[in-house]
Undergrad: 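One structure is given below, represented as structure tokens, and several questions about it will come after.
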Amino acid sequence: MAKAWAAVEAEAARASKRRIADLFAAPDRAASFSHQVCGLLLDYSKTALDDAARSALLALAEAADVAGRRDAMFAGEKINSSEQRAVLHTALRDPSRPLTLDGEDVTATIRETHARMIEFAAAVRGSGFTGQGGPIRDVVNIGIGGSDLGPVMAARALAPYADGPRCHFVSNVDGADVADVMAGLDPATTLVIVASKSFTTIETMTNAATLRDWMAKAVTDPAAQFVAISSRPDRAAEFGIPASRVFGFGDYVGGRYSVWGPIGLSLMLAIGPEEFDAFRAGAAELDAHFRSAPLAENLPVLLALVGLWHHQGLGYPTRAVLPYEHRLGRLPAYLQQLEMESNGKRVTRDGTPLTRPSGPVVWGEPGTNGQHAFFQLLHQGTQVVLCEFMLAREGHEPHLAHHHRLLQANCLAQSEALMRGRSFATARAIAEKLGYDGEALNCQAAQRVFEGNRPSVTLLYDKLTPRTLGKILALYEHRVFVEGTILGINSFDQWGVELGKELATALGPVLAGEDAGADKDGSTLALAAWLRDQE
Ligand code: F6P
């Protein structure tokens, strides 16, 4: 690996001296540095990558045995080594291949649960299952992290396909979240889904108890309108939800990879089983590509290598996800968990400290809104950010096609501006036209210079259908896996979230004034005292 990394670094050193725009002197630049599969087009030509750099990156992927580890993942090997677990979220979207794990026929279980989900969704949507005040009009999904971000992001993304009950999402332990949702709903016609793999997460259990109390004031049997999604049916039973209304999944599915199975129930209720299956099928199509395409033609591999190039090779610490698709408003948050919980690690799979930076900070907002917020820094700030644009050929509002054209023009204009920039001479001419001269002219011109040479990639797709969304999410999941594999990281555990949870539990009594907090530092004690109004 050391040799392969050194080759990438040597290429990055060379690349940092060239102008991206100059690479377009080669007439086939755009075609050679873009790739189209499964109806997705990834253009990474507006980066400083050239043939030699791409070859070095592909050699890095070979050296890390990306293909071998990918095959091990699909085969159900326990590649989540710190938890001794297989990683089989892909089986949730294509349970057709038989797969036995620790004596259990995993895909048979997945198929059975999926069939139960369809039956339940059909009953709720068709009024075979009702609330105590009539047909279910609203569904509240309570969950956090992977038990929230997938469904909430996808439900918003696929709003044009929603023809079932209205879906609401409560995640934050801040009472404001649950209060705002309860305020608009009738408990007697509301179904509550408690989505928690562990069924112990304090935020989710607190919100679930609050909603149960709220419901108990309006109906005689509140638990009858509760459903659980969990790998711990025993704990759901303690909460009062019978096994018939628990939809489980195995520990081979991590929270942030779980939207394809029972955690997606709220989405299935909103868009219906057929569209939900199209969502899964899109992901399965991308999986099939990932499993079979050679590395050099493999979309998730290429996306991962472009990411590593900028983050590891060129040292850009963050990347922005910029969907020019308003309904993908929660995608950046979803990808933050997917990428940062997966690859934000300090040690490699064998427990030795990483000698390179871990995965990048991921952030973003939909366009064009972001343009009027943080794009200033992207264009003229001193730090370079890899920008990942996403854009559809077609929107869902044919009667507003002129809006969509404007959206497209803005998206393409941003990547062009980032790369092209504006020279001092041009800026000076602009300032001159505005009437500046002398000292002021140079000062005004300097403000209007764009260095340019800022990299971006663009992902294009036809239309944000359930199938397309499935493909995009699977693309990003596998990208995270490939990046993690090359960095030597286990992308499927999340030990870094534990300490804060433990300390929060211990701080409850301190805030209540029941414990002096002898082991706490002065700052924490002073803050707690101020909150108790006892400064
Ligand atoms: O934030 C940590 C985490 O464990 C995530 O990985 C997970 O998605 C989330 O909490 C929720 O966990 P659960 O589904 O068990 O409530």
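Whatever order the structure lists them in is the order used to number ligands and atoms, beginning at 1.
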Undergrad: For atom 14 (O) of ligand 1, what's the nearest protein heavy-atom neighbour? Residue, atom name and distance, please.
TA: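 Checked against all protein heavy atoms, atom 14 (O) of ligand 1 sits closest to S147 OG, 2.6 Å.
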
Undergrad: Give the contacting part of Q494 toward ligand 1: side chain, backbone, both or neither, where contact means a heavy-atom distance below 4.0 Å.
TA: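 Looking at Q494 and ligand 1, just side chain atoms fall under 4.0 Å.
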
Undergrad: Starting from atom 15 (O) of ligand 1, find the nearest protein heavy-atom neighbour and note its residue, name and distance.
TA: S198 OG, 2.6 Å

Undergrad: Determine, using heavy atoms of E203 and all atoms of ligand 1, whether some pair is separated by less than 4.0 Å.
TA: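 Heavy atoms of E203 never come under 4.0 Å of ligand 1.
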
Undergrad: Taking 4.0 angstrom as the limit and counting only heavy atoms of T201, give me the atoms of ligand 1 inside it, by number and element.
TA: 12 (O), 13 (P), 15 (O), 16 (O)

Undergrad: When you measure from the centre of the six-membered ring of F247, is the NZ or CZ of R116 closer than 6.0 Å and no more than 45° off the axis?
TA: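 Yes; both conditions hold, so R116 lies above the ring face of F247.
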
Undergrad: Identify the closest protein heavy atom to atom 6 (O) of ligand 1: which residue and atom is it, and at what distance?
TA: E341 OE1, 2.6 Å

Undergrad: Roughly how far, to the nearest 0.5 Å, is the CH2 atom of W495 from the CG atom of N490?
TA: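 Answer for the CG-CH2 pair, N490 versus W495, is 10.0 Å.
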
Undergrad: Between E483, R349, K345, which is the residue that forms a side chain to side chain contact (heavy atoms under 4.5 Å, CB included) with I489?
TA: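 By the side chain to side chain contact (heavy atoms under 4.5 Å, CB included) criterion, I489 pairs with just one of E483, R349, K345: K345.
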
Undergrad: Using distance alone, decide if ligand 1 has a nitrogen or oxygen within less than 3.5 Å of any nitrogen or oxygen in T204.
TA: no

Undergrad: Note the single closest protein heavy atom to atom 2 (C) of ligand 1, along with its residue, its atom name and the distance in Å.
TA: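 Minimum-distance protein heavy atom for atom 2 (C) of ligand 1 reads V497 CG2, 3.5 Å.
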
Undergrad: Salt bridge between D102 and K78, side-chain N to carboxylate O under 4.0 Å?
TA: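 Yes, charged N to carboxylate O under 4.0 Å.
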
Undergrad: Measure the distance from atom 11 (C) of ligand 1 to every protein heavy atom, then report the residue, atom name and distance (to 0.1 Å) of the closest one.
TA: I144 O, 3.2 Å

Undergrad: What protein heavy atom sits nearest atom 3 (C) of ligand 1, and how far away is it?
TA: K501 NZ, 4.2 Å

Undergrad: Looking at W363, does the NZ or CZ of R319 lie under 6.0 angstrom from its six-membered ring centre and within 45 degrees of the ring axis?
TA: no

Undergrad: Sorted by first residue and then second, give each salt bridge (Lys or Arg N to Asp or Glu O under 4.0 Å) pair with at least one member in residues 268-279; sequence neighbours left out.
TA: D277-R280

Undergrad: Could R125 and F120 be counted as a cation-pi pair, given that NZ or CZ must be under 6.0 Å from the ring centre and within 45° of the axis?
TA: no

Undergrad: Using heavy-atom distances, let me know which of G255, G150, G146 sits nearest atom 8 (O) of ligand 1.
TA: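 Considering heavy atoms of G255, G150, G146, the nearest to atom 8 (O) of ligand 1 sits in G146.
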
Undergrad: What salt bridge (Lys or Arg N to Asp or Glu O under 4.0 Å) pairs are there with at least one residue in residues 84-95, not counting sequence neighbours?
TA: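 Residue pairs with at least one partner in residues 84-95: E83-R85, R85-D251, R93-D287, R93-E477.
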
